[in-house]
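Notes to accompany the following structure.
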Amino acid sequence: MSPRTPPAPAPTGTRSRAARAGLAGPPRRHPRTTAAFTTLTAARREALRADCARLAELDDTEFGVRLLAGTPTHETRDPALLRNWAAAATEFGRELAASAPPAADVPHPARVVETTGGLDQLLLARYTSRPEPTVELFTDTIALGEHLVDVLGWRDRYPTGSLRAAALAHEHAHGLLHHAPRTRRALRDRLGHTALRLGRLRVPGHVAGADELAAHAYAGAVCGLGRSPLLLTAALMGAVQALGED
């Protein structure tokens with residue numbers, strides 16, 4: 001299953017990164033422990049492995065295209081243009097990871113809180129800016145994702161601790177993009193989108209969702225992942241659905 005179309009923007013003061021990463025959906029009840037995988041029938045387990053293997057055959061840029069295609073304002077864009085933007089944003093995120101100080105060496109701008117309840121909303125992490133900047137890490141979803149990596153045999157792609165580390169690195173990347181005007185302009189210039197042209201005057205345009213792709217690429221690079229975090233979030237969404245249906 002491919003990542004779902006991202007939901008409408010969250011209320012002011014709240015941004016859900018995981019939502020735009022393809023994990024968010026309407027609240028529903030899901031298995032709450034990694035032991036839930038043991039309840040899958042052999043047939044369902046093999047079907048899940050096959051579905052995730054098909055996902056893994058897609059290149060990382062394709063997941064970027066799907067994220068952009070599901071982002072408001074891009075519904076009617078040419079897929080070739082979305083692919084170009086996805087590739088450019090991903091490359092920018094990787095370059096940012098290579099040039100920026102390691103996330104571990106820079107104090108995180110937000111308070112980090114570990115909590116549960118992420119499986120009810122299919123969230124890995126959530127950022128809130130009020131009353132103080134806070135990153136909530138949903139340990140139940142993260143634990144299920146880590147177990148899924150073992151079930152799928154993807155540990156070479158996602159080392160132990162990948163989901164938690166990637167969630168924090170993702171937020172760190174957003175801090176670099178949102179609080180550094182020069183970096184934000186550099187991403188916009190790399191994408192080359194034109195919002196308005198008057199004669200020789202060109203007004204660069206914002207590409208919605210590009211910062212998410214750059215942040216995913218940044219997280220994948222600094223955490224040493226073998227594939228984009230978007231592949232794992234798509235697989236995790238399929239796994240949760242399988243657990244709910246079995």
Side-chain angles (χ1 to χ4, degrees), residues 2-10 12 15-24 55 57-103 106 109 127 129 166-167 169-234:
S2 63
R4 292 178 183 172
T5 301
T12 301
R15 294 198 307 275
S16 171
R17 307 293 188 207
R20 298 182 67 181
L23 280 179
L55 284 174
E57 291 175 356
L58 301 174
D59 62 35
D60 287 343
T61 302
E62 175 61 25
F63 289 103
V65 171
R66 294 180 180 199
L67 186 148
L68 292 179
T71 301
T73 75
H74 298 325
E75 296 89 347
T76 61
R77 301 275 193 198
D78 184 344
L81 176 61
L82 296 181
R83 177 164 285 273
N84 288 339
W85 282 345
T90 297
E91 181 183 24
F92 184 89
R94 290 171 180 160
E95 292 176 2
L96 185 62
S99 62
V106 180
Y127 174 85
S129 60
H170 187 100
E171 293 297 336
H172 181 75
H174 275 290
L176 294 173
L177 289 167
H178 293 166
H179 301 300
R182 180 179 299 179
T183 303
R184 191 165 59 248
R185 285 196 300 270
L187 173 59
R188 183 187 62 192
D189 292 342
R190 178 72 63 87
L191 295 167
H193 177 46
T194 299
L196 180 65
R197 188 181 294 277
L198 298 173
R200 290 182 295 178
L201 176 64
R202 172 182 171 272
V203 179
H206 170 70
V207 177
D211 59 335
E212 285 295 314
L213 295 183
H216 278 298
Y218 176 96
V222 300
C223 295
L225 305 186
R227 289 293 304 269
S228 167
L230 284 171
L231 167 61
L232 185 52
T233 56

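Pairing each heavy atom of L55 with each of F63, the nearest pair is O-CZ, 3.5 Å. Closest non-hydrogen pair, A169 versus V222, comes out as CB-CG2, 3.5 Å. Listed here is the closest heavy atom pair of A221 and A97: CB-CB, 3.6 Å. When all heavy atoms of R83 and D59 are compared, the pair lying nearest together is NH1-OD2, 3.5 Å. The heavy-atom pair separating A208 from P72 by the smallest distance is CB-O, 4.1 Å. The two residues T71 and G209 come nearest to each other via the heavy atoms CG2-N, 4.3 Å.
Partners of P79 under the side chain to side chain contact (heavy atoms under 4.5 Å, CB included) rule, at least two apart in sequence or in another chain, do not exist in this structure. For A86, the side chain to side chain contact (heavy atoms under 4.5 Å, CB included) partners two or more places apart in sequence, or in a different chain, are T61, V65, L68, L213.
Once rounded to the nearest 0.5 Å, the distance linking CG of L67 with OG of S228 reads 9.5 Å. To the nearest 0.5 Å, atom NE2 of residue H216 and atom CG of residue L231 are 12.0 Å apart. Here the straight-line distance linking atom NE2 of H170 with atom SG of C223 works out to 11.5 Å at 0.5 Å rounding.
Sorted by first then second residue, the side chain to side chain donor-acceptor pair (under 3.5 Å) pairs that include residues 72-81, not counting sequence neighbours, are H74-R77.
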Check: residues 187-196 side-chain donor-acceptor pairs under 3.5 Å, at least two apart:
residue, atom, partner, partner atom, Å
R190, NH1, E95, OE1, 3.4
R190, NH2, E95, OE1, 2.7
T194, OG1, R202, NE, 2.6

Checking side chain to side chain contact (heavy atoms under 4.5 Å, CB included) for the pair D60/L230: CA distance, chi angles, key distance, verdict? CA-CA 8 Å; D60 287 343; L230 284 171; over 6 Å; no
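Taking the side chain as every heavy atom from C-beta outward, Y218 and H172 approach each other to under 4.5 Å. Taking 4.5 Å as the limit, every side-chain heavy atom of D211 sits out of range of all side-chain heavy atoms of F92.
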